[in-house]
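Keep in mind it's a predicted model, so treat the numbers as computed, not measured.
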Amino acid sequence: MICEADITPIAIGGKDGVLDVGRSSRLATPRQRTAVLARQGHQCASPGCRAPVVHIHHIIWWSRGGPTDLANLIGLCPRCHRAVHAGALVIDPTTHEFRDRHGRLLPGADPRHRKRRTRTHPPATGLPRAG
């Protein structure tokens with residue numbers, strides 16, 4: 001009967017890409033993984049780490065009721081992922097800032113997942129180049 005069914009709202013991101021699946025699935029969808037990688041420039045979100053993303057982690061852990069929604073997913077390298085599960089790195093579920101096991105904010109912690117640095121050119125001044 002429909003009254004006994006589980007209903008999960010699902011957010012769709014463009015061309016049928018599922019970005020929020022709630023508690024209906026533990027693993028990130030391929031579209032979620034692509035979105036996390038793009039958001040982070042394919043680099044681990046941990047401050048100071050430049051390793052490539054290998055694992056997609058639930059900021060609020062799945063085992064603690066966290067949803068498989070894009071806002072709750074973060075890309076980590078294996079070393080940083082182990083550190084999170086060991087309690088050496090803590091990701092604030094509200095601000096997404098990284099803290100050490102004593103609650104101190106890590107230097108370089110960038111809320112909402114840092115992106116890879118890109119080279120930028122100085123702004124054009126309208127003046128001809130010397131030379």
Applying a strict under-4.5 Å side-chain criterion to I, L, V, M, F, W and Y, I'd like to know whether Val84 and Ile60 cluster together. no
Nearest-0.5 Å distance, CG of residue Leu76 to CG of residue Leu89: 8.5 Å
Atom pair NE2 (His55) and CZ (Arg79), whose distance is rounded to the nearest 0.5 Å: 13.0 Å
OG-NE2 distance between Ser63 and His58, expressed to the nearest 0.5 angstrom: 9.5 Å
Report whether Val90 and Ile56 are members of the same hydrophobic cluster (ILVMFWY, side-chain heavy atoms less than 4.5 Å apart, transitive linking). no
Between the side chain of Asp100 and the main-chain N/O of Ala88, is any donor-acceptor distance below 3.5 Å? no
Taking every non-hydrogen atom, the tightest pair across Leu105 and Arg99: N-NH1, 3.5 Å
Does Asp69 use its side chain to pair, donor to acceptor, with the backbone of Asn72 at less than 3.5 Å? no
Test your reading of the model: is there a side-chain donor-acceptor pair from Thr68 to the backbone of Ser25, 3.5 Å cut-off? yes
Aromatic rings His57 and His81: how do their planes relate, parallel, tilted or perpendicular, breaks at 30° and 60°? perpendicular
All heavy atoms of Val36 vs all of Ile74, minimum pair found to be CG1-C, 4.0 Å
Same cluster or not: Leu73 versus Val54, using hydrophobic residues (I, L, V, M, F, W, Y) connected whenever any side-chain heavy atoms lie under 4.5 Å apart? no
Under the 3.5 angstrom rule, does the side chain of Gln43 hit a backbone N or O of Pro52 as a donor-acceptor pair? no
Tell me the closest heavy-atom pair linking Cys77 and Cys44, and the distance in Å. N-SG, 3.4 Å
Interatomic spacing from NE2 in His42 to CZ in Arg50 - rounded to 0.5 Å: 15.0 Å
Tell me if a side-chain donor or acceptor on Glu97 pairs with a main-chain N or O of Asp92 at a distance below 3.5 Å. no
In short, Ala71 meets Ile59 closest at the heavy-atom pair O-CD1, 4.0 Å
In one Ile/Leu/Val/Met/Phe/Trp/Tyr side-chain cluster, 4.5 Å: Leu27, Val53: no
Using modelled atom types only, decide if a donor and an acceptor are shared between the side chain of Arg23 and the backbone of Gly66 within a distance under 3.5 Å. yes
